[in-house]
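Have a look at the structure below before the remarks.
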Number of protein chains: 2
Amino acid sequence: MHKQEVTIYDVAREAKVSMATVSRVVNGNNNVRKETRERVEEVIKRLHYQPNAVAQGLASKKTTTVGLIVPDLTNLYFAELSKGIDDIALLYKYNIIITSIENRLMKEDQVIQSLLNKQVDGVIYMSNRLPDEAAEAFKRTDTPVVLAGTKDNRAEFPSVTIDYKKAGTEAYNLMYNDGKRKLALVVGDPDAVVNSDNRVTAYRKFVKDHDISEEHIYTNVNDYSDGYNLFSQLEKDGIDGVLVTRDSTAVGILNAALDAGKKVPEELEIITSSATQIASVVRPALTTVKQPLYDIGAVAMRMLTKLMNNEEIDDTHIVMPYELVKKQSTLNS
Amino acid sequence: MHKQEVTIYDVAREAKVSMATVSRVVNGNNNVRKETRERVEEVIKRLHYQPNAVAQGLASKKTTTVGLIVPDLTNLYFAELSKGIDDIALLYKYNIIITSIENRLMKEDQVIQSLLNKQVDGVIYMSNRLPDEAAEAFKRTDTPVVLAGTKDNRAEFPSVTIDYKKAGTEAYNLMYNDGKRKLALVVGDPDAVVNSDNRVTAYRKFVKDHDISEEHIYTNVNDYSDGYNLFSQLEKDGIDGVLVTRDSTAVGILNAALDAGKKVPEELEIITSSATQIASVVRPALTTVKQPLYDIGAVAMRMLTKLMNNEEIDDTHIVMPYELVKKQSTLNS
DNA sequence: TTGAAAGCGCTAACAG
DNA sequence: CTGTTAGCGCTTTCAA
């Protein structure tokens, strides 16, 4: 980036007005006579003038840029959330700086700090654990943050989620009604709030309420191969119905089951709680707790625009509807 | 973003040096006495000083930010490319502004212009068609661009790809050797260079060289349902072997075939040329032209860092190796 | 090795 | 409705 070829100053000179006036027409300020506006616009077009957003940012203290913090770009769960965010961001003319934080060369709070140094106007956070250092940095810079599809420990930050407890209970009920009694829960990070305080709690309650003697919670099962490898353990434990948080994990379990000659859903029911593309293209297609991922992202971004605008927010913890979609991995008797 | 709490000026005052000196230690300039440096560093830490990247950008004319232009975030093909880009970007301390351009409320070149206005130091472009307006805007602002997994019409811009022709030919050969004679090609945008000049050309040549009388090229087949719906046409046309550019499309064809009771690969062979996660989790798993997506992204980003640094580049059109991975959707006799 | 000072390109009072 | 004038927070000569 060498010296910018045409600046607001050139336009001002050429249109015989002050920079202030050019700035006004660029920003759609109404206090400009029609003729003046048109003259300036003509010059802008002729000179191919484009405002330097960095200079605008420095002067106005607004960058019209929001940060997205996501564990992994190649996880469709986050990609679909991001799509909803992206569409609303475009609508409100925000650009997106995306930062992934899993398996990284750098520590998470360093990456987040570098994002904040870029003076983003707001942040949408999607990882299921919010480190204290990050929370502090957000507060220190006074940057609005919205959690999408996740929660923090103390419900300090606004969030958009579904009712994970209720969804879990509904899933267990489905399997229970199909006659399954050896129900299991498979999650990734057991300490993430959405898991510990919600999914695990719901599972424990269900088990207790239905006089099921054993608890089967499998943790730190994070991807396809983790799921695939877990299957033998499930079989050993006699599991006949399992709720899995991640699609790819669920598909891993499914494929391992099929490879082992196990019948799904007759001998093993599988429900996944993400409902990304991958859950619907495998055969048998997976029964899912269908989270409205796109909408969660969109609503989170809309909420963030309000926060960045200092508008009033009536509800800072939005709970979106979900749907239990019955496919071929449950009997649905 | 209210007035920044602690600036370089505060640090200077507190450390009893000039802003220039603080700037030097922040930027690792060696021309600072050791004691001075340590004193400044102590103050920086104590005051939680973080440089304002926007101000740095305006003053230095470098934002350490690169733009990513991608059709769709939820397409794993692009997500995996992006991951490679992201890792290398982190390594060189660049942030990423991501911009998706498919089905948008705004025109592509407007979105790109807004990206350029943010003064990104470089751009990685992944869409398979580069509009003239965009190319002009890149040249006008002198912003380095690298194409990842795609090419432009005139090979004006540096690119990182695989040999699509050779890969296609190899795929047809595999099916031909399995005895398939009604071979087809399924692509998305027929006018994209990677398709028109490469995949289609390779297909036509193969057909001609092997005395196959009919050409079967299906275009504008873009997603899972397009693929699913295309199947009946394939069946009508008696196709027994098909090369598909997109994974999701290929899976659509696969599922439609299975639903119709067609045997894959006995009656229909399917090869996909993307090799994302989705191709390997379906059953039968798809034989693929395995593109090194992560590496393509990584190499493209590495090339971009050189361009942004005005370093010499020996080869501006890098061709990466690929691998034809035989799975269950071909006979492999 | 350090500091003074002039910008980078734009916005935002304030005055007229 | 329009112009003047300070900055925004930092980098970068140029001198010392």
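Letters go in sequence order (proteins before strands), and every chain restarts at 1.
When the side-chain nitrogen and oxygen atoms of B:Thr36 are compared with OP1 and OP2 of C:dT2, one or more of them lie within a distance under 4.0 Å. A close approach under 4.0 Å does occur between a side-chain nitrogen or oxygen of B:Thr21 and OP1 or OP2 of C:dG3.
For B:Asp152 and B:Tyr125, the side-chain atoms include no donor-acceptor pair closer than 3.5 Å. A donor-acceptor pair shorter than 3.5 Å can be found between the side chains of B:Asp86 and A:Ser100. B:Asp72 and B:Tyr77 are not linked by any side-chain donor-acceptor pair at a separation below 3.5 angstrom, with hydrogens and angles left out of the test. Using modelled atom types, one finds a donor on one side chain and an acceptor on the other under 3.5 Å when comparing B:Lys118 with A:Thr65.
Considering only the side chain of B:Leu58, C:dG9 comes nearest among D:dG3, D:dC1, C:dG9. Picking from D:dC8, D:dT2, C:dT1 the nucleotide with the shortest atom distance to the side chain of B:Asn31 gives C:dT1.
Rounding to whole angstrom units, CZ of residue B:Arg13 and P of C:dG3 are separated by 15 Å. If you measure from atom NZ of B:Lys61 to atom C1' of C:dC8, you get 5 Å, rounded to the nearest angstrom. Distance NZ (B:Lys118) to C1' (C:dC10): 14 Å, rounded to an integer number of Å. Look at CG on B:Asn30: it is 15 Å from P on D:dT12, rounded to the nearest Å. To the nearest angstrom, C1' of D:dT11 lies 11 Å from CG of B:Asn29. Taking atom CG of residue B:Asn117 and atom C1' of nucleotide C:dG9, one finds them 12 Å apart after rounding to whole Å. If you take CG of B:Asn52 and P of D:dC10, they are 6 Å apart, rounded to a whole angstrom.
B:Glu108 is linked by a salt bridge (charged side-chain N to carboxylate O under 4.0 Å, His left out) to nothing, counting only residues two or more places apart in sequence or in another chain. Legend: residues meeting side chain to side chain donor-acceptor pair (under 3.5 Å) with B:Thr143, ordered by chain and number and at least two apart, are B:Thr141.
Using a 4.0 Å cut-off between charged side-chain N and carboxylate O, A:Lys107 and A:Glu133 make no salt bridge.
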**Study point:** Per-nucleotide protein contact string for nucleotides 11-16 of chain C (B base, S sugar-phosphate only, - none; heavy atom under 4.0 Å)
**Key:** BBB---
